[in-house]
Q: 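Dropping the structure in here first, questions after.
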Amino acid sequence: MNKLQSNLQQFLSNSPLPPALALVLIGAFEVFFTVCRKLFAKTPSFDASVAKLAADSKLDDQRNDKVAIVTGSRSTEKGNIALKKIKELSGSEKLILGKLDLSNFESIKAFFEWFQSLNLPLHLLVNNAGLMDIPLQVDNKGFEMQFSTNHLGHFYLTMLLLDKLKSSAPARIVNLSSIAHFGAKKIEYDQIKGDKSKYSRLGNYAISKLANIFFTKSLADKLKDTGVIVNAVHPGAVATELYQYNPVASFGMSMIVSKLGVMKTPAEGALTSLRVSLDPSLKKVTGKYFSDESEWKPSVYTSNIEEAEKLWNFSVDKESLKRTSLVSNTQSDVADHCDYANNKQFLSLQQELNEHVRTEFFSGVGGLHYALNLATKNYSSSQVIASYDINQWANQCYELNFNSKPIISGIEYQTIAQLEKFEANCWLLSPPCQPFTTNGSRKDHLDERSKGLLHLIDTLKLIKKTPSYIFLENVPNFEKSTMRNKLIETLINLNYEVNEFLMSPLVFGIPNDRKRYYVCAKLKDFKFHPQFFEFDYEKNEKIGIEIKKTYNKDTKSLSYYLEPLTQEQLKFYQVPNDFITKRTNFRFDIVKAEDKRCSTFKKDEVNFEDTSTITNLGLRFFTPLEISRLHYFPVKEDEKKFFVEETKNYFEFPLNLSLKQKYQLLGNSLNVKVVAELMIRFLF
């Protein structure tokens, strides 16, 4: 009977039927075979199964003496009712309830920290929470609730508990999946983002259950030889509240239970989980799928290694879990970049960095975010917990690339309590430059656009826990401003070590001489940082440290950054003659492809009083892609050619932005490479 059912599941999974229909048929056959087993098959009773399992596992020897059971519940009231019943049935007093909402990552982290405080070993983790067939709901990270709870929540909790499991080995992890995973062929990433037009109640449930199998297989492979095994289970067609959101299914289940009494009870549904959790004969079995207390063959699509790895990387990235020992780079990877791998002080700093979260102020299109990811890629996962900007175009771009919507609010309106709640150890700042630009109003700290930065400076003086690291980027002339003096004075008074810079990307071999001002500040308690590279700089009394404006020996010509354009594209980007002739003084930087420098992409540089001399040069503008390359943004088109560092957040523009809007956003942005290198050398 099991073989027949398994073959039917595989057939329906591979059929051309619509996924929702295939899933309904798979579920119907599950109910049918459950009824058949109950009515006709000679299966052991529940009590007999439990008795045998208890004997095999020697549970009676451990009861009340060595085993403590910790459980999490979203509802404390319901959790206490369940706990009371378990105590009555088991006679055990070693039952502990913690508050846990697996759709809320702050709740998961709080539960983990609470569990750590109990100072208990962890030999068994059963990921048992589940939502099914619910109307669209979205969690606080923008994911639909079934995927968030059924996969991401369990993934996050498991990753946090991995070190405890490994130190407690032998240990087991049991992930509750479902036959519903046969209804999905791959993870549809567009479908899990909470978009109502793409959401399918049953389809998304199937995706979350497929994710459970992928997670199980990937984790089992990564935990080889650690003493921790991982398996997935399907509990069967169980009469529970899982079907409460589907009136038809709920009614059907209640009729089958009331008329025939043959559906699995919740206790019977737990038998497979118990078997996989406790059976000594399975102590070395890992990465498998179980149903009806025996190993079954999962969907053929669960063997897709590339899809499994893609999901793993997606889950790690979205939950910022690269900091865990399992998914971070190894010590030898770090050693490839510096000589400090065996230095306890370095390893201590590395551990401290891995725990940091960052807040990004004036976030723009995310240049600081990209730089942070690049700077910390070798030894930590950077979690930008919040970002702020009021530019709607920039926010659209940021949300598209980081799947995180910036807070649309003037920073000057944020209360101290609102800023403190993020507990960010690092502040990233790129405030408006107009108050300080040569051609701007030069109102400095009196400019309306300076209010946000002034508010943050004042907040630093009052906040309970000041950030350990602060990075600021702005234009030349900021170093001469009253605003700069207020900032530096505050940082020094708060015991920060401060370094200031004026430099252009030419220092790092990028043919663009757009000079910018930077501040790297860290609390003086953090004195040690790895010097990964030699650095050519000279002391300047006025500004602190100014990098020599010299060509890097590895500087490539502009041709390396240019994209091949068709004649039609060349015509599209050609500079119109009236664009030149209608200006009294045409001010632009004109370069050739073989040049090893170009100037700013924001304001004009070269003054031509006689414009007639240049109208016949066939000038064209740099394309947005070329400017993105020169700013060192990880453009998707360059995944295998240009931007060599691995990243999960490629840079692209929303389709609704005009060419002018793209130019404006890039013109206001920073150079990712320069910022990352400064962070590596002088901040982290």
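All values below were derived from every heavy atom in this structure, side-chain atoms included, with hydrogens, water molecules and symmetry-related copies excluded. Sequence positions, counted from 1, serve as the residue numbers for this chain. Predicted model only: the values in this text are computed from it and were never measured.
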Q: Is S291 close to V233 at the side-chain level, that is, under 4.5 Å between some pair of heavy atoms?
A: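 V233 vs S291: side chains apart.
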
Q: Verify the ring-centre separation between Y289 and H181: is it less than 6.0 angstrom?
A: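 Ring centroids of H181 and Y289 are less than 6.0 Å from each other.
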
Q: Please confirm whether the ring centroid of F402 lies under 6.0 Å from the ring centroid of H369.
A: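 Ring-ring flag for F402/H369: true, centres closer than 6.0 Å.
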
Q: List the atom pairs, with distances to 0.1 Å, where a side-chain N or O of residues 117-129 and a protein N or O form a donor-acceptor pair under 3.5 Å, not counting sequence neighbours.
A:
from	atom 1	to	atom 2	distance (Å)
S117	OG	W114	O	2.4
H123	ND1	S168	O	2.9
H123	ND1	P170	O	3.2
N127	ND2	T158	OG1	3.0
N127	ND2	N175	OD1	2.8

Q: S387: what forms a side chain to side chain donor-acceptor pair (under 3.5 Å) with it, not counting sequence neighbours?
A: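 Here no residue qualifies.
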
Q: Examine the side chains of N656 and Q396 and answer whether a donor and an acceptor come within less than 3.5 Å of each other.
A: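 A pair is found: one side chain offers a donor N or O, the other an acceptor, under 3.5 Å apart.
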
Q: Residues in ring pair (Phe, Tyr, Trp, His ring centres under 6.0 Å) with F147, at least two apart?
A: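 Checked F147 against ring pair (Phe, Tyr, Trp, His ring centres under 6.0 Å); matches are H151.
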
Q: I'd like to know if the side chain of S294 pairs up with that of D292 as donor and acceptor (distance under 3.5 Å, no hydrogens or angles considered).
A: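 Checked: S294/D292 side chains show no N/O donor-acceptor pair below 3.5 Å.
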
Q: Just do the side chain to side chain donor-acceptor pair (under 3.5 Å) check on N204 and E144 with the steps written out, would you?
A: CA-CA 8 Å; N204 278 63; E144 66 87 7; 3.2 Å; yes

Q: Apply side chain to side chain donor-acceptor pair (under 3.5 Å) to E106 and list each qualifying residue two or more places apart in sequence or on a separate chain.
A: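 With neighbours one apart ignored, the set is N140.
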
Q: How would you list, by chain and number, every residue that makes a ring pair (Phe, Tyr, Trp, His ring centres under 6.0 Å) with F112, sequence neighbours excluded?
A: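 For F112, no residue satisfies ring pair (Phe, Tyr, Trp, His ring centres under 6.0 Å) once neighbours in sequence are set aside.
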
Q: Looking at OG of S299 and CZ of F214, how far apart are the two atoms once the value is rounded to the nearest 0.5 Å?
A: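 It is 8.0 Å, given to the nearest 0.5 Å.
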
Q: Any donor-acceptor pair under 3.5 Å linking the side-chain atoms of D101 with those of S107?
A: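 Their side chains do not contain a donor-acceptor pair, so the 3.5 Å distance test is not met.
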
Q: At what distance, to the nearest 0.5 angstrom, does OG1 of T272 lie from CG of N231?
A: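 The CG atom of N231 is 12.0 Å from OG1 of T272, to the nearest 0.5 Å.
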
Q: If you count the non-hydrogen atoms of other residues, nucleotides and ligands that lie under 6.0 Å from NZ in K283, is the total more than 12?
A: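 It does not: K283 NZ has 12 such atoms or fewer within range.
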
Q: Judged by atom type as modelled, is there a donor-acceptor pair below 3.5 Å linking the side chain of S148 to the main-chain atoms of D139?
A: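 The answer is no, because no donor-acceptor pair under 3.5 Å joins these two groups.
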
Q: Just how far is it from atom CG of L278 to atom OG of S281, taken to the nearest 0.5 Å?
A: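 Answer rounded to 0.5 Å: 11.0 Å.
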
Q: Write out all pairs satisfying ring-ring contact (aromatic ring centres under 6.0 Å, His included) with one or both partners inside residues 68-91, taking only residues at least two apart or from two chains.
A: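 Sorted pair list comes back empty.
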
Q: Is E307 salt-bridged to K186, cutoff N-O under 4.0 Å?
A: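 Here E307 does not pair with K186 in a salt bridge, since their nearest N and O are not under 4.0 Å apart.
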
